[in-house]
Amino acid sequence: MASVTISNVGKAFGTMNVLRDINIDIENHEFVVLVGPSGCGKSTLLRMIAGLETVSNGEVRIGERVVNDVPARERDIAMVFQNYALYPHMTSYGNMSFSLRLRKRPQPEIDQKVRDAAATLNLLPFLERSPRQLSGGQRQRVAMGRALVREAQVFLYDEPLSNLDAKLRVVMRTEIKALHQRLKTTSIYVTHDQIEAMTMADRIVVMNGGRIEQIGAPLDLYDRPGNLFVAGFLGSPSMNFLKGRMRRTQGKAYVETEGGIGLPVSAATAAAENQPVICGIRPEHIAIAGEGGLPVTVDVVEPTGPNIEVFFSLAGQNGSAVFTERHKFRPGDRVALHWQPEHANVFDAETGVRL
Amino acid sequence: MLKKSILFWLILSPLVVVILFPFGVMFVSAFRPREELFTYPPTWTFSEFRWANFAEMWVKTNFGQALLNSLYVSVLSTLLAMILSIPAAYALSRYRFPGKRAYRTFLLMTQMMSPIVLVLGLFRMMVALGLVNTLNSLVLTYAAFNMAFTIWMLQSYFSTIPRDLEEAAWIDGAGHLTSLLKVFLPLAVPAMAVTAIFGFINSWNEFVLALTMIRSSDGFTLPVQIYSQVAGRYQIEWHHVMAATMLATLPVAIVFSWLQRFLIRGMALGAVK
Ligand SMILES: Nc1ncnc2c1ncn2[C@@H]1O[C@H](COP(=O)(O)OP(=O)(O)OP(=O)(O)O)[C@@H](O)[C@H]1O
Ligand SMILES: [Mg+2]
């Protein structure tokens, strides 16, 4: 097992720069998730670590070794592909033992390792089947098994669960995490699903447009997003963004909207008086106020089961709130809301940076 | 369901008749005694099943030699075309290189030219190479003519084999050659078989070049040999001609039916994910 260090890495396809100035230090045993919208360059970065894509600038190190010019087969990494990339003409056993056979390991050892991995992944009954005869979930497990028998330095995953149905995805998510807790192999996991990122990661790397927006532990990013992009990307339903100007009176801080409504925010914010800012508040932090709350009009009510999601308008801006209580709101109702000032984030309206 | 398929066969039947009619005539004429060839009105029946037609024909038309010539030319030209096409098609489907588009357009354009247009030039080239009147001249020209098609066809098949598979093999520790031999080529076998069939049939049926390049009758391939039984003769032994034609179509039918499982697998290749 090894650390992975990515320093000042960039990637250009022809004249198009798809990655710029990427710096990530991944420690030994860490599970890091790269997350971001489609086309932001997650796969490209992962493939550069794997050695499937050349590195245009900067340096990629696995352990102490600079691997920029080391071919994929000598990097001692294992990878799980989005469409599994199982060899169609080999059985599950053949797929899982392929790397060991290439290394000319003795047959008993190959057998032992494949069976161990198959037992871990509940694949023993399917070893003699070809990929065509397996369900999506089973194929996914075989792809995992192929990586597992390798005992590689680093595991790389490129959206391994995106072809599974929602239920299986949740099961496999937990299995992969449990596996990592047992094996502790350094893992880099690419996904565009922010829930996968939140639940699995030791640290999340949020990417956007070929750059890193923020790196941090899941809850740190969730509670203290560094900018509007990260704030909006993590969390579902996503954070409310309400525009206004910064005001301070009697030691308390507000964001004043156009209609003159004061949104409570933490007094610790660095925003200057009268600065145009955006107040970010998560839907689950909003509660019903007894009196003197913020007046809103209910637009739409969506029960999700555990929660009720209420879409409202506040001084001409749209927002949403999530309640566990079974409120009986109807569209058009006028309701008063409030939240704890320390739950609200203040972002610079121009740069999007958290203040 | 049944109604539908009956309807479809009814719609298709004129086509089937047109395709099968020559075969019917060929079959009936090949097995008839000579005297019954031109009975009037024509019938589909014959008084005896005359296998002897084939034996006589074999000797009289020197069929064995022509068959060997055809086999030699078709097998070798197909092999040569495949050996050269596979790497070319692989490069076309996997690598980016300057002039790739132009190369593909060029391949397509060569397909639009009829060999007849080039026959004179090719003949002079073979004269210069000292290959006129040898079967190897046909091996070379057939391979060359087939290659545009085989490269194009293989290339489009190769592009359906996911690149991920080779990448997975590299990561598993395989070098380029190993991943090619153990992962790529096994998956490409159906495609290569299908392409080879087409190449083989093309060469087997080719007529114009064979007629031009080969001057002496020992070198004739089957189409030319059969043609020589008809052209410029005072008396044409139709029952022999038809027997020869039937034997000439046989190898193609055999090769085709043996390899057709690859044809179906090759066509289903894209479905493997
Ligand atoms: N071989 C290539 N040639 C040119 N451009 C490429 C190539 N591969 C990727 N790109 C571009 O690089 C950018 C990043 O692609 P990448 O596949 O890394 O995105 P991604 O974050 O993995 O997206 P997704 O979530 O959709 O998989 C995209 O704009 C893509 O068009
Ligand atoms: Mg991707």
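Proteins come first, then strands; the chains are lettered A, B, ... in the order of their sequence lines, and each starts at number 1.
For the residue pair B/Asp164 and A/Ala85, the shortest heavy atom distance occurs at CB-CB, 3.6 Å. Minimum heavy-atom separation, A/Ile77 to B/Ile171: O-CG2, 3.4 Å. When all heavy atoms of A/Arg103 and B/Gly173 are compared, the pair lying nearest together is NH2-CA, 4.2 Å. The nearest pair of heavy atoms linking A/His89 to B/Pro186 is CD2-CB, 3.6 Å. Scanning both residues, B/Ala168 and A/Arg146, for their nearest heavy atoms gives CB-NH2, 3.7 Å.
Put simply, CZ on A/Phe81 and CZ on B/Arg163 are 12.0 Å apart, with the number rounded to the nearest 0.5 Å. Between the CG atom of A/Leu52 and the CD atom of B/Glu166 there is a distance of 11.5 Å, given to the nearest 0.5 Å. Taken to the nearest 0.5 Å, the OH atom of A/Tyr87 stands 3.5 Å off from the CG atom of B/Asp172.
Within 6.0 Å of atom CZ in B/Phe207, more than 12 heavy atoms from other residues, nucleotides or ligands are found, so the atom counts as buried in its surroundings. Enclosure of atom CZ in B/Phe97 by more than 12 non-hydrogen atoms of other residues, nucleotides or ligands within 6.0 angstrom is indicated. Residue B/Gln111 places its CD atom among more than 12 non-hydrogen atoms of other residues, nucleotides or ligands, all under 6.0 Å distant. Surrounding CZ of A/Phe13 are more than 12 heavy atoms belonging to other residues, nucleotides or ligands, all under 6.0 Å away.
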Discussion item. Is there a side-chain contact (heavy atoms from CB on, under 4.5 Å) between B/Glu167 and A/Arg47? Walk through the geometry before answering.
Written reply: CA-CA 10 Å; B/Glu167 292 177 344; A/Arg47 290 167 55 81; 2.8 Å; yes
